[in-house]
Amino acid sequence: MTKKLIIDGTPIEAEDGTTLMHACEAVGSEIPRFCYHERLSIAGNCRMCLVDVQGSPKPIASCAMLVGDLPPNRDGSPKVVSTNSPLVKKAREGVMEFLLINHPLDCPICDQGGECDLQDQAMAFGVGGTRYQENKRAVEEKNIGPLIKTMMTRCIHCTRCVRYMTEVAGVEELGLISRGEDAEITTYLENGILSEMSANVVDLCPVGALTHRPWAFNARPWEMEGTESIDVMDAVGSAIRVDTRGGAVMRILPRNNDDVNEEWISDKTRHVADGLKTQRLDTPYIRKDGRLQPASWDDALGLVATKLKNASPDKIGAIAGDLAGAEEMFALKDLLTRGSVKNLDCRQAGDKLDPKLGRASYVFNSSIDGIEQADAILIIGSNPRVEAPVLNARIRKRWRRGALKVGVVGVKTPLTYPADYLGAGPDTLVHIASGEHPFAATFSGAKNPLVIVGEAAYTRADGLAVLAAAARILLTASKGKDAGWNGFNVLHTSAARVAGLDLGFVPGNGGKDVAGMLAGGMEFLYLLGADECDVPRGAASFVVYQGSHGDKGAERADVILPGAAYTEKSATYVNTEGRAQQTVKAGFAPGDAKEDWTIIRALSERAGAKLPYDTLAELRAAMYKVAPQLAALDHVEARVVSGLETLAKLKGATSSEAFAPGIADFYLTNPIARSSAVMAGMSQLRFARDQKLSAAE
């Protein structure tokens, strides 16, 4: 039903469930607020959003009043609402005066200056002075963790941070204690919060009470230039904004994307920025007499080209890493396959995913926002809380609406929502598939069942059999239901994996996979940012590493070709749900480092197999012919459940061995994170806390 209103002289019809605040904004009236946030529950405690409603004896908090709850006028005429009457103006000035009574007014030294809601609204809706002469209240600083700097004297008790930690992050360790002027926000047990998404509270804080400790006082907001890009720390592809000053990345903040990350990002995404500045490769190196020596680009590329031309095609291999963009993977594959090389692989972890089985067999088919439609979820060999914290928050969001059952097969770990622990290994899947397990009835009775298969499941030796079993469980539960719903989901942890599979960066007929190449006998091995696999000394007689950081791959290399990080190039990445997105160049690579595809293009010319594209646009045009789905940016194609039949029909025995954890350390999953001092500190802190909890148990 709708209700007629007249807001600031403009007639409007609003749905009964619409808040009065949103109805006012629909006609263009600005409503100030501090406590209200679109993604959090309504608190109604700042009183800044007061409006004047006809017939009401006092102003009404518009964030907490639904249009349908407004009492009708006796004569049936529409309610008249004013957002700028003298009564409203005086009420807002009074609220602002009270808020500033105890606020320290230290704006010149506050790290929130320039992007502070209190500053902006005091100018727009406050008065020019205060009548309060007494001493201001002081509040002791709190230990909220190493990522969050506190100045709790500035706190206005909007409780956004409390509601976020409780409702979104699922870590109920922050709250409001005491009453009156003794009220304060604190952690209950005086411990730092170690949620993987804790730093989002700083974005929510409307004042300078919570600020980012790692980059405090490094730069003012107006000194930095923002570049809209995407994150590659996991496979979710969160929308981010990279703020730079003088070409150096100063901070990373979230952007809103309702289909992917809403407006949240993980702590690793946000605070990995210092890793972009340390342990960087900024010049080519050639190993001489067992030591890496700086070299010119001509010498390095000339040596690599000579070794490439002299090696036998069946003894040449290439491994693409977790942070490689689609453009460089396409260029490297194009170069090597022109020389009949078949030893290619982008699956560093040993994934048993095969693009020949169809795209539905290796992506998150339901899409990330599709999680909100699920009413039963089966998690296999995955811990979404550390593998994809933002996606895990979406599962919690769905759970908070009610009527959701979650079952877990794998390592028993604390998630941010209740889950039934079903078993440790593939044996449980066999029981569910046969209908013997009690969860099978729950899953089959769901309208929109959803399966999430994690890296710990599909990287095992029996990974393909596990995937097939998961597909059979989903197909059985989907019989007779909406054919357009495909709840089979593969959760990747690598930003580069889906694009690599889309491009066919996998072994050709008779070609070797990662394990085969590392087993030895190779004459030439090209590591395209591959740092997650240990290359033995006897794996290849000549190893080339192309990447941005001096990590594991660089240690083993005979030649190092310095590339660009994700903030220093325009590259295509495909997230776990198959959504193609592009990073945007926010700064320049250090020293002599170059964008990755240009390095391969230059190498091809020296190797006598010049690639037929000289610009990024020409390369992408050629790439889109091979994988047209990469051209559909920010689009997720519909995938029906029937696309899983080939995978489900695969036969194979599963091991009784329990699933292992997919990620050993959330904070140290890639070379950029391992180069970050902030991430190293968080890793040590998490380890110490885990040890303490284990001892207590």
Side-chain angles (χ1 to χ4, degrees), residues 229-237 272 275-276 280-281 317-337 341 343-351 353 355 362 492-507 513-514 517 525-533 535 543-554 557 560-576 580-583 585 589 593-601 603-604 611 616 619-620 622-623 626-627 630 669-675:
S229 188
I230 60 162
D231 171 55
V232 299
M233 291 297 108
D234 55 29
V236 174
V272 79
L276 293 165
R280 291 300 303 269
L281 299 173
I319 302 174
D322 293 352
L323 302 182
E327 287 80 1
E328 50 258 36
M329 285 192 285
F330 171 76
L332 182 58
K333 180 188 176 186
D334 194 6
L335 171 61
L336 296 182
T337 52
V341 175
N343 307 317
L344 308 169
D345 207 349
C346 65
R347 304 165 299 182
Q348 281 191 100
D351 311 7
L353 304 169
Y362 62 83
H492 293 273
T493 59
S494 160
R497 191 76 79 246
V498 176
L501 295 171
D502 283 345
L503 291 167
F505 203 99
V506 293
D513 59 8
V514 169
M517 286 184 266
L525 185 60
Y526 202 109
L527 303 178
L528 183 61
D531 291 288
E532 310 310 318
C533 54
V535 182
V543 178
V544 179
Y545 175 79
Q546 177 182 328
S548 60
H549 285 69
D551 207 74
K552 293 181 181 178
I560 294 176
L561 305 176
Y566 70 104
T567 58
E568 301 156 358
K569 62 185 177 183
S570 176
T572 303
Y573 290 89
V574 183
N575 75 349
T576 192
Q581 302 178 104
Q582 289 180 354
T583 59
K585 189 174 184 177
K594 301 185 183 299
E595 291 192 37
D596 293 273
W597 77 268
T598 63
I599 298 173
I600 298 168
R601 168 62 179 76
L603 174 61
S604 71
L611 296 175
L616 183 59
L619 183 151
R620 284 176 173 162
M623 181 175 71
V626 174
L630 300 186
T669 55
N670 61 64
I672 301 177
R674 288 191 287 270
S675 299

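Starting from 1, each residue takes its place in the sequence as its number.
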Tell me if a side-chain donor or acceptor on [X] pairs with a main-chain N or O of [Y] at a distance below 3.5 Å.
X	Y	result
Asp231	Met233	yes
Asp234	Val236	yes
Thr583	Lys569	yes
His549	Gly529	no
Arg497	His492	no
Tyr573	Leu323	yes
Asp345	Val514	yes
Thr572	Ala326	no
Arg280	Ser548	yes
Asp531	Pro671	no

Go through it in stages, so that I can follow the logic: the residues are Glu568 and Lys594, the test is salt bridge (Lys or Arg N to Asp or Glu O under 4.0 Å), and I'd like the CA-CA distance, side-chain angles, deciding distance and then a yes or no. CA-CA 9 Å; Glu568 301 156 358; Lys594 301 185 183 299; over 6 Å; no
If we only count heavy atoms from C-beta on, is the [X] to [Y] side-chain gap below 4.5 Å?
X	Y	answer
Tyr545	Leu561	no
Val506	Leu501	yes
Val535	Leu527	yes
Glu595	Lys585	yes
Asn670	Asp322	no
Phe330	Leu630	no
Leu525	Met517	yes
Ile319	Leu528	no

Please report the shortest heavy-atom distance between [X] and [Y], naming the atom on each side.
X	Y	value
Ser494	Ala235	O-CB, 3.5 Å
Ala627	Asp502	CB-O, 3.9 Å
Leu611	Arg601	O-NE, 3.5 Å
Ala530	Ala320	CB-C, 4.5 Å
Leu332	Ala318	CD2-CB, 3.9 Å
Gly321	Ala496	O-CB, 3.4 Å

To the nearest 0.5 Å, how far apart are CE in Met329 and CD1 in Ile600?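 That separation rounds to 10.0 Å.
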In terms of side-chain geometry, is the basic nitrogen of Lys333 or Glu328 positioned less than 4.0 Å from the acidic oxygen of its partner?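 The answer is no: the pair does not qualify as a salt bridge.
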For Tyr526, which of Leu603, Val341, Asn343 qualifies under side chain to side chain contact (heavy atoms under 4.5 Å, CB included)?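 Option passing the side chain to side chain contact (heavy atoms under 4.5 Å, CB included) with Tyr526: Leu603.
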Looking at residues at least two apart in the chain, or sitting in another chain, which of them share a salt bridge (Lys or Arg N to Asp or Glu O under 4.0 Å) with Arg620?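 By the salt bridge (Lys or Arg N to Asp or Glu O under 4.0 Å) rule, Arg620 matches Glu327.
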Please assess Leu344 against Thr337 for the test side-chain contact (heavy atoms from CB on, under 4.5 Å), listing each intermediate value before the final yes or no. CA-CA 9 Å; Leu344 308 169; Thr337 52; 3.9 Å; yes
